[in-house]
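Let me begin by presenting the structure, written as structure tokens, before commenting on it.
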Protein chains: 2
Amino acid sequence: MTAAPDFEQLLRGADLRVTRPRLAVLGAVHAHPHADTDALISAVRADASVEGEVSHQAVYDVLRALTAAGLIRRIQPSGSVARYETRVGDNHHHVVCRSCGAISDVDCAVGHVPCLTATDDNGFVIDEAEVVYWGTCPDCITVPSS
Amino acid sequence: MTAAPDFEQLLRGADLRVTRPRLAVLGAVHAHPHADTDALISAVRADASVEGEVSHQAVYDVLRALTAAGLIRRIQPSGSVARYETRVGDNHHHVVCRSCGAISDVDCAVGHVPCLTATDDNGFVIDEAEVVYWGTCPDCITVPSS
DNA sequence: CTCCTTTTCTTGAATGATTCAAGATCTGAC
DNA sequence: GTCAGATCTTGAATCATTCAAGAAAAGGAG
């Protein structure tokens, strides 16, 4: 895993105020890629740099602000709650296990800007192509069913 | 739009019992591609062939049964509720308008089995690649904002 | 450093899609 | 026609997410 970037600089660079909850959330998302909001709330509250509590509402607000600023990316495969990751900018996608819901990163097979040119875009102006691969993860393959 | 297929035959072919609610739901999904559950419930209740009411629970159950049988496909872009379509089997994808949520079909630019070979699948056994294009629909382009 | 404005966080409640549960009804096979 | 099991009805519960109003903190100006 890469070293933790300077979260404070990231926030300032995005014209966002630097607050403890934001630093904690940013750190939590970085430390737990693909974690859902609930897990992030727990991680933030376990963070030593945050003495008191952090309300769940604050985490929701911060996640939205960070997503809007492009510092984190929100993913939400069908049947799952929202999940977040700090890996942004590169064009990578995800494999989701149908059995246990595990998510893993994958680089696109096609190239840097995958599938971005739809054959017939129906007049839509497309700015992003999101790819979700569905399958079964190694764990669920070796242990077929319980 | 293609002619309505024989829904009863479709159900029997999938080893599903033929009931009025199922025929009505199948017809509603066929008539309203990309409709959400709520819209489908309304469509089903407006269906003349269904005299009495049909409970929302029945529609949920039917949608799940039809999806499991592969007669319909469930899609759920981030931030949207579940939507359904009868176009299955071909490998097509969707464009979603960030502004109004409109969904339109698109054929894959890459080929018949798009992106299905991830460069590094992390040990996952992939069986489907789902592509969602994000952008702005024609209506929301001409009428930028309200 | 102190004050002020605006943004952000806390507390507490509400929303709404979806699911759970138990019993009644209907389907399809014999 | 009868029967077992699948399916539907009714009614309530779940839970991620959002809404709302006031308190607290951030950052720029003086």
Side-chain angles (χ1 to χ4, degrees), chain A residues 7-26 28-29 34-45 47 49-69 71-72 74-84 101, chain B residues 7-26 28-29 34-45 47 49-69 71-72 74-84 101:
Chain A
F7 297 133
E8 183 171 342
Q9 281 307 318
L10 281 175
L11 288 173
R12 293 195 190 284
D15 269 315
L16 291 174
R17 292 189 176 178
V18 178
T19 67
R20 252 199 312 279
R22 285 183 173 173
L23 291 172
V25 169
L26 209 37
V29 176
H34 310 143
D36 59 30
T37 309
D38 216 48
L40 293 173
I41 291 174
S42 299
V44 165
R45 290 181 176 163
D47 189 325
S49 71
V50 183
E51 301 119 46
E53 284 288 277
V54 175
S55 66
H56 70 117
Q57 185 61 62
V59 176
Y60 273 99
D61 284 348
V62 170
L63 288 173
R64 183 184 315 193
L66 296 180
T67 303
L71 295 186
I72 63 176
R74 174 187 169 131
I75 59 177
Q76 185 176 25
S78 288
S80 169
V81 297
R83 293 163 179 280
Y84 298 87
Chain B
F7 298 133
E8 184 172 341
Q9 280 306 317
L10 280 175
L11 288 173
R12 292 194 190 285
D15 269 316
L16 291 174
R17 291 190 176 179
V18 178
T19 67
R20 253 198 310 280
R22 286 184 172 175
L23 291 172
V25 169
L26 208 37
V29 176
H34 309 144
D36 60 30
T37 309
D38 216 49
L40 292 173
I41 291 174
S42 299
V44 165
R45 289 180 177 164
D47 189 326
S49 70
V50 183
E51 301 120 44
E53 285 287 277
V54 175
S55 68
H56 70 116
Q57 185 60 63
V59 176
Y60 273 98
D61 285 347
V62 170
L63 288 172
R64 182 184 315 194
L66 296 180
T67 302
L71 295 186
I72 63 176
R74 173 189 171 128
I75 58 177
Q76 184 175 26
S78 288
S80 168
V81 296
R83 292 162 179 281
Y84 298 87

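Within every chain, numbering begins at 1; the chains are lettered A, B, ... in the order of the sequence lines, protein sequences first and strands thereafter. Please read all numbers here as calculations on a predicted model, not as lab measurements.
For the side chain to side chain contact (heavy atoms under 4.5 Å, CB included) test, no residue two or more places apart in sequence or in another chain qualifies with A:Ser42. With sequence neighbours excluded, no residue satisfies side chain to side chain contact (heavy atoms under 4.5 Å, CB included) with A:Ala68. Partners of A:Asp36 under the side chain to side chain contact (heavy atoms under 4.5 Å, CB included) rule, at least two apart in sequence or in another chain, are A:Asp38, A:Ala39, A:Val81, A:Arg83. Residues satisfying the side chain to side chain contact (heavy atoms under 4.5 Å, CB included) criterion with B:Arg74, sequence neighbours excluded, are B:Thr67, B:Gln76, B:Ala82, B:Tyr84.
Residue pairs meeting the side chain to side chain donor-acceptor pair (under 3.5 Å) criterion with at least one partner in residues 9-23 of chain A, sequence neighbours excluded, are A:Glu8-A:Arg12.
Comparing the start and finish of the helix from C:dC1-D:dG30 to C:dC30-D:dG1, five pairs each, the helix axis swings through 40°, to the nearest 10 degrees.
Looking only at side-chain heavy atoms (C-beta outward), B:Leu26 and B:Val62 stay at 4.5 Å or farther from each other.
One distance of note links NE2 of B:His56 with CG of B:Leu40; it measures 14.5 Å at 0.5 Å rounding. Between B:Ile72 atom CD1 and B:Leu10 atom CG the span is 11.5 Å, to the nearest 0.5 Å.
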Per-nt protein contacts along nucleotides 25-30 of chain C (heavy atom under 4.0 Å; B base, S backbone sugar-phosphate only, - none) come out as --BS--
At under 4.0 Å between heavy atoms, how does the protein contact nucleotides 12-23 of chain C? Give one character per nucleotide, 5' to 3', with B, S or -. B----SBBBB--
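Taking atom CD on A:Glu53 and atom C1' on D:dA24, their separation rounds to 17 Å, with Å as the unit. Straight-line distance from the CD1 atom of A:Ile41 to the P atom of D:dC15: 14 Å, rounded to whole Å. Atom CG of A:Asp61 and atom P of D:dA16 are 17 Å apart (whole Å). Rounded to whole Å, the distance from CZ on B:Arg22 to P on D:dA6 is 11 Å.
Residue B:Leu16 comes nearest to B:Ala65 through the heavy atom pair CD1-O, 4.3 Å, listed as atom of the first residue, atom of the second, then distance.
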Output, in order, the C-alpha distance, side-chain angles, deciding distance and verdict of side chain to side chain contact (heavy atoms under 4.5 Å, CB included) for B:Tyr60 and B:Arg64. CA-CA 6 Å; B:Tyr60 273 98; B:Arg64 182 184 315 194; over 6 Å; no
Below 3.5 Å is the cut-off: list the nitrogen or oxygen pairs between protein and nucleotides 28-30 of chain D, distance only.
none

